[in-house]
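Let me begin by presenting the structure, written as structure tokens, before commenting on it.
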Amino acid sequence: MSVATIKRDTSAKWLEEFELTAGNRLGAANATVKEKQQKAITEFAEKGIPDKKVEDYKYTNIRLYLNDEFGMKGNATRLKSSDIRHLFLGGHATIVMINGRFVHELSSLKNLPREVVVKNLFTVLKETDTVAGIEFNGQFDEKASPLTLLNTALTQDGISITVPKGYDCKGPLHLLHISSGTDKVLYNPRNVVKVGEGASLTLIESYCSVDLDEKIFTNSVTEMVVEKDATLNNYILQEEDPKASQSNLHQVSVGTTGKFNSVIVSLNGAMVRNDLNVSINGENAEIHMHGLFVVKDGHHIDNHSLVEHNVPNCFSNELYKGVVGDGGTGVFNGKIFVKQDAQKTNAYQSNKNILLGDNSTINTKPQLEIYADDVKCSHGTTTGRLDEEALFYLQTRGLDQDLARKVLLGAFAKEISDTVKDEAFRNHLEKRIQVHIV
Amino acid sequence: MLEIKNLKVSVEGKEILKGLNLKVNKGEVHAIMGPNGAGKSTLASVIAGKEDYEVTGGSILFNGKDILELSPDERAKEGVFLAFQYPIEIPGVSTINFLKTAVNEIRAHKGMGPMEAKEFLAMLKEKQKLVQIDTNLTGRSVNEGFSGGEKKRNEIFQMAMLNPQLAVLDETDSGLDIDALRIVAEGVNKLRSKENAFLVITHYQRLLEYIIPDFVHVLYNGQIVKSGTRELALELESKGYDWIKKEFSEIPA
Amino acid sequence: MAGSDKILEEITSSEYKYGFTSNIESDTIPPGLTEETIRFISAKKEEPEFMLEYRLKAYRHWLTIKEPHWAHLKYPEIDYQSISYYSAPKKQKVLNSLDEVDPELLRTFEKLGISLVEQMRLSGVAVDAVLDSVSVKTTFKEKLSELGIIFCSFSDAVKEHPELIKKFMGSVVPITDNYFSALNAAVFSDGSFCYIPKGVRCPMELSTYFRINSAGTGQFERTLIVADEGSYVSYLEGCTAPMRDENQLHAAVVEIVAHKDAEVKYSTVQNWYPGNKEGKGGIYNFVTKRGICLGDNSKISWTQVETGSAITWKYPSVILKGNNSVGEFYSIAVTNNMQQADTGTKMTHIGKNTKSTIVSKGIAAGKSNNSYRGLVRINKGASKARNYSQCDSLLMGDRCGAHTFPYLEINDKTAVVEHEATTSKIGEDQIFYCNQRGIDTEKAIGLIVNGYCREVLNKLPMEFAVEAQKLLAVSLEGSVG
Ligand SMILES: Nc1ncnc2c1ncn2[C@@H]1O[C@H](COP(=O)(O)OP(=O)(O)O)[C@@H](O)[C@H]1O
Ligand SMILES: [Mg+2]
């Protein structure tokens with residue numbers, strides 16, 4: 001696609017860190033991983049930190065949020081259980097991750113079924129070459145983005161979650177990601193989630209900040225594999241401090257008759273860049289992707305998604321909604337890719353945005369790239385104001401303008417939160433949306 | 001005119017018609033009744049030549065000619081017309097242009113030149129009157145945005161324009177209110193002649209009060225299980241299909 | 001289904017019907033591009049000094065930039081030194097009547113379906129025919145001049161109306177705009193110029209036919225249309241080229257300026273040689289077309305039917321500067337065999353209450369790739385701007401690709417922007433329905449495709465619409481339609 005003319009100097013800093021962190025990186029656990037990290041840093045060096053000249057970052061200049069002032073070492077903040085208790089959801093098994101690392105003593109695993117294996121990635125790779133058969137970095141090829149390469153090269157650890165074949169994990173698993181600290185740090189957590197054949201899992205991920213006193217940048221990569229007949233519900237809430245920025249990539253492979261349901265709600269943070277890449281590799285798979293972003297006050301939220309239909313007879317549906325308040329910038333970039341063999345694909349995509357403020361910007365780029373003829377694919381996007389007639393109608397029923405707006409925006413958002421099946425999380429989401437949406 | 005012998009038809013490996021026999025002579029109107037899923041539309045589609053249906057046995061002769069070998073448009077040119085149960089929308093193609101093409105194709109098949117514009121328009125007017133279809137509908141794209149009833153009426157209008165020898169009406173009555181039903185039936189009656197024949201597929205005998213059939217057949221489980229006259233339709237109306245189902249359910253698949 | 005397979009096979013073996021060559025002696029310079037070439041072209045055309053300077057400035061800029069490769073197109077590197085940058089029919093004296101025109105040339109136009117004689121006598125369409133790069137004959141000149149309308153070759157305009165050329169040439173597509181427009185500015189040999197004075201409604205369609213004839217030449221024509229306050233003009237452009245084994249470059253520039261209350265309708269039927277079934281030969285069509293709605297209430301409407309060229313790279317655009325101005329883009333792009341098209345539009349909303357409409361119908365057959373690429377930009381302050389876009393793709397056969405790359409950049413909260421896109425194949429049930437009425441599959445596909453394109457075809461002037469429908473048929477022929 002576009003010719004990237006990135007100056008090398010945005011990578012020099014990270015080449016240095018690569019050397020300095022050799023003993024702490026994931027490669028220290030495993031020789032194959034070590035090689036992969038070496039390869040990734042070399043490739044990253046060619047590209048550097050992406051700016052607007054890179055087509056995929058046309059509307060999001062990462063260099064504004066991540067520069068040479070960042071390091072890789074931070075003073076660990078000592079969070080106590082009482083500091084974070086309020087962030088737990090109902091009785092869900094909760095895995096606490098602080099700055100991308102699993103903190104066992106703060107987690108609540110008593111409701112975690114024995115069948116579900118949760119471990120540090122480092123620990124797992126120290127013992128074996130794969131995570132329950134999943135090869136580290138196995139889903140990425142030459143398409144890997146610069147930030148994915150950077151994560152692969154520099155990652156030190158993350159979490160691995162595996163659900164064995166046939167196991168239907170009833171209660172949701174809550175991954176509580178907390179950013180915290182007093183230093184300008186780049187974190188590169190790396191996670192692996194595997195849902196085995198016929199198994200199912202609901203994985204909630206919430207991102208928030210506790211005692212965060214300095215800018216940080218979290219560059220997270222999660223590899224997910226949904227095997228044959230398996231189901232993965234992945235619900236994400238992003239509500240970090242305005243000092244925090246994150247690039248969050250989920251690379252998902254879905255097998256035959258597999259089901260993947262994703263809901264991503266982004267409400268706060270200086271910059272949030274999501275990449276949700278779903279690769280459909282088995283027939284009759286079904287994918288649902290929903291997203292809501294609420295952005296204002298100079299913040300920037302970018303949702304990128306890619307659905308690759310590699311095989312015939314699959315279904316994907318995507319709906320993303322954005323509410324852009326004063327000074328906010330929202331980006332939606334969705335791509336549907338249908339390979340030549342993927343006949344009888346049904347793929348739909350929709351993006352709806354509401355602009356509220358005087359300095360609101362939305363950049364949206366829905367794309368279809370289709371190489372099979374017997375398909376039904378469509379995308380649509382609309383951007384506009386709140387429905388003025390509806391506003392007026394509510395006012396004639398006695399609601400003041402603010403309340404009327406709140407009601408309408410709430411209804412706009414509800415279509416997304418309603419797709420969350422877990423009640424505790426859905427209620428929590430609705431409350432958080434109410435806080436941010438006005 | 002139409003002779004169907006021991007017709008066996010499968011779709012996606014499932015046998016739908018299991019040895020069906022039917023003979024229709026010139027000037028006759030045959031009604032085919034039967035419960036949902038009996039295979040009525042399958043029969044209509046196979047006569048018209050739809051590709052999804054696999055004929056695994058038997059034959060269909062039309063004027064003594066085996067039409068199973070013919071493509072759908074060749075059958076239409078020979079004089080077979082199907083009024084679809086679910087008429088298709090063709091956006092951007094006006095009904096007039098569509099019919100002009102069809103009329104001229106059928107004429108060409110008979111070795112005739114294209115119809116003069118004036119003559120065509122005169123015919124258009126005449127047939128519009130005959131089936132009382134709104135001129136505004138014929139100006140629009142084929143079936144696009146038509147209501148269910150409008151689509152059905154448009155089918156009959158097209159039939160009037162193309163003047164086929166054999167017209168198969170697949171549940172043309174469903175979705176029509178009583179007035180529309182009468183208009184459609186009157187249209188059919190006006191078109192009835194010694195030279196043509198009708199195969200009227202319906203659920204209800206209501207339509208048969210207006211279009212008086214010479215024969216009534218009951219299609220069940222892929223076969224014609226009962227044939228009779230108008231009285232059979234009345235009997236079905238009062239008793240429902242359950243007794244047929246009971247009586248013939250043990251037909252081997 | 002078997003029927004459509006057969007048709008696809010036939011489509012892919014359809015032949016280009018405009019692929020004859022004319023035996024007109026032409027005056028071609030050897031391949032290569034240097035400042036000398038440019039001086040030669042300018043001298044040959046007896047241009048005033050300002051034109052030479054303009055060309056040289058463009059050339060020097062061109063040397064500093066690179067060919068763009070962001071489009072969804074694959075083609076071998078273009079060797080700009082192997083192209084001949086000037087080719088004029090030799091007998092290019094000033095012609096006063098049609099009798100003086102080379103009869104061979106007249107026959108060429110006849111073969112193209114535009115007999116100038118007929119044009120003059122019957123149709124009331126004023127034609128400026130550009131063969132290779134030189135404007136041959138402008139009909140109806142006198143009649144138009146009574147109204148104060150200037151319609152002539154670009155070369156004549158440079159000599160006769162230098163003040164207008166100086167004022168508007170490059171005002172919409174500056175030489176720095178892109179690689180191909182810079183190249184055009186440096187080497188263009190001719191084209192058309194049109195000026196409609198205040199309050200004048202041009203009483204006839206103005207038309208230009210472009211044809212590349214000589215082997216090894218590039219064609220770089222330039223069109224400039226200026227519609228003064230309250231005026232109206234409808235402008236038609238047709239293109240053909242003979243069959244040749246090598247690829248030929250066509251890099252044109254069209255600029256439109258619409259003043260207050262003016263309206264310009266620009267329609268194109270592009271049928272450059274697309275290359276053969278294996279993708280050998282064919283025109284590389286890299287065209288920059290842009291209009292500016294300079295004044296309030298002005299309107300620019302692009303309609304295009306693109307069936308030819310091996311490569312199409314083309315984004316007719318509108319800058320909506322005046323308040324209440326309107327921009328439209330209606331497009332049909334058909335690709336077959338090995339053709340590749342990356343086409344669309346840019347609508348830039350600057351003025352208040354501006355409106356733009358985009359309707360794009362892509363049809364891909366054979367092994368072709370057909371992409372829509374569009375940008376809708378609503379600037380801050382463009383209050384109450386509206387855009388509606390509809391991009392549909394139709395796929396015929398499982399070896400082709402249809403792609404949609406819309407960019408929507410919205411910086412004003414009062415904007416309303418809607419975009420829809422669909423991709424599908426021709427419905428088999430639609431074909432069966434037609435079949436059942438006695439219409440064979442080939443004709444059925446023709447009907448359905450024409451129906452699918454109706455919204456765009458309706459925007460074309462009558463004569464053109466008929467030609468366009470036939471062209472759709474021919475392009476998908478053996479045929480589809
Ligand atoms: N294209 C098809 N694919 C699969 N099954 C079909 C298809 N068409 C018809 N059938 C099946 O064949 C049976 C007969 O259908 P149909 O002829 O439409 O019945 P009727 O018109 O009498 O209600 C039904 O069980 C129906 O589901
Ligand atoms: Mg039926």
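No part of B/V103 comes within reach of chain C, as not one of its non-hydrogen atoms sits under 4.5 angstrom from that chain. Using a 4.5 Å cut-off between heavy atoms, B/L162 contacts chain C through its side chain alone, with no backbone atom that close. The contact between B/E89 and chain C is made entirely by backbone atoms, counting heavy-atom distances below 4.5 Å. Both the backbone and the side chain of C/Y433 come within less than 4.5 Å of a heavy atom in chain B. For B/Y86, no part lies under 4.5 angstrom from a heavy atom of chain C. Heavy-atom distances place both the backbone and the side chain of B/P87 under 4.5 Å from chain C.
Distance check: C/E428 CD to B/I88 CD1 gives 11.5 Å after rounding to the nearest 0.5 Å. The structure places CD of C/Q436 at 9.5 Å from CD of B/Q158, a figure rounded to the nearest 0.5 Å.
The shortest side-chain heavy-atom distance between B/T101 and C/L447 falls under the 4.5 Å cut-off. Inter-residue side-chain proximity for B/V93 and C/N450 is flagged as unmet; no heavy-atom pair is nearer than 4.5 Å.
Among the candidates C/C453, C/G438, C/G427, C/A444, the residue making the largest number of heavy-atom pairs closer than 4.5 Å to chain B is C/G438.
Aromatic ring orientation, B/F84 versus C/F432: perpendicular (interplanar angle above 60°, classes split at 30° and 60°).
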